Every structure is written in structure tokens, then in C-alpha cells.
Amino acid sequence: MAVLPIFEHLRTLGQVSQEEMMRTFNMGIGLIAAIPAAKFTRAKNLLDRARRSSTSLDGGEGERRVQYT
């Protein structure tokens with residue numbers, strides 16, 4: 001995941017370590033939701049209708065999966 005320019009600006013301006021930036025600001029990730037696979041499509045549709053960007057991480061068929069949205 002790319003770091004938004006505002007976070008790099010704050011880090012430089014405040015002379016803040018990368019570790020502190022990750023701990024304090026979560027570097028722009030915003031929200032992580034753990035959603036059961038059976039409800040993922042509905043949740044994704046709600047985010048799309050709200051015009052919120054999302055990213056999914058899929059472990060593949062037959063495996064336990066984690067999807068980040």
C-alpha cells in the first residue's frame with residue numbers, strides 16, 4: 001500500500017520516525033474490517049455505493065482467506 005503524500009510531509013516536517021508514524025497515524029489505511037465470506041459481496045456493494053475505495057486480498061479457492069476492503 002502506497003503512503004499518501006500528506007503523511008510523508010508530516011513525517012518530514014515533524015521529524016517523526018517511520019515507526020512512530022505507523023503507530024500514530026496508521027499511515028492512511030483508515031479502516032480494516034473482518035467480514036465473513038458469506039457477507040463479503042454485500043459489504044463490498046455497500047462500500048461501492050458509498051463511493052469508498054476498497055482492496056481485497058484473496059488467498060485462493062479452498063484456502064482460508066483474508067480479504068482487506
Side-chain angles (χ1 to χ4, degrees):
M1 175 173 270
V3 174
L4 297 174
I6 186 66
F7 293 108
E8 188 59 37
H9 176 72
L10 289 172
R11 188 182 74 73
T12 302
L13 186 66
Q15 299 177 351
V16 180
S17 71
Q18 187 69 18
E19 180 181 307
E20 182 67 15
M21 291 295 293
M22 293 299 286
R23 189 170 60 80
T24 303
F25 294 107
N26 205 18
M27 299 304 283
I29 291 173
L31 174 73
I32 295 176
I35 300 169
K39 296 184 179 185
F40 178 76
T41 300
R42 177 163 165 65
K44 176 83 168 93
N45 289 338
L46 288 170
L47 288 169
D48 290 346
R49 282 200 306 257
R51 295 185 179 153
R52 298 294 177 198
S53 64
S54 63
T55 302
S56 298
L57 180 64
D58 186 345
E61 285 298 316
E63 298 178 21
R64 295 185 106 172
R65 298 183 300 177
V66 175
Q67 297 176 324
Y68 296 97
T69 301

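These numbers come from a predicted model, not from an experiment. These numbers come from the heavy atoms of this one structure, side chains and all, not from hydrogens, waters or symmetry mates.
Every side chain to side chain contact (heavy atoms under 4.5 Å, CB included) that Q18 has, sequence neighbours left out, goes to R11, M22, M27. Not counting sequence neighbours, the partners of R23 by the salt bridge (Lys or Arg N to Asp or Glu O under 4.0 Å) test are E20.
Atom CD1 of residue I6 and atom CZ of residue F25 lie 9.5 Å apart, to the nearest 0.5 angstrom. Expressed to the nearest 0.5 Å, how far OG1 of T12 lies from CD of Q15 amounts to 9.0 Å. Note that CZ of R42 is 11.0 Å distant from CD1 of I35, once rounded to the nearest 0.5 Å.
Residues F7 and L13 fall into different hydrophobic clusters, defined by Ile, Leu, Val, Met, Phe, Trp and Tyr side chains chained together at heavy-atom separations under 4.5 Å.
For the pair V16 and L10, the tightest heavy-atom approach, listed with the atom from each and the gap, is CG2-O, 4.4 Å.
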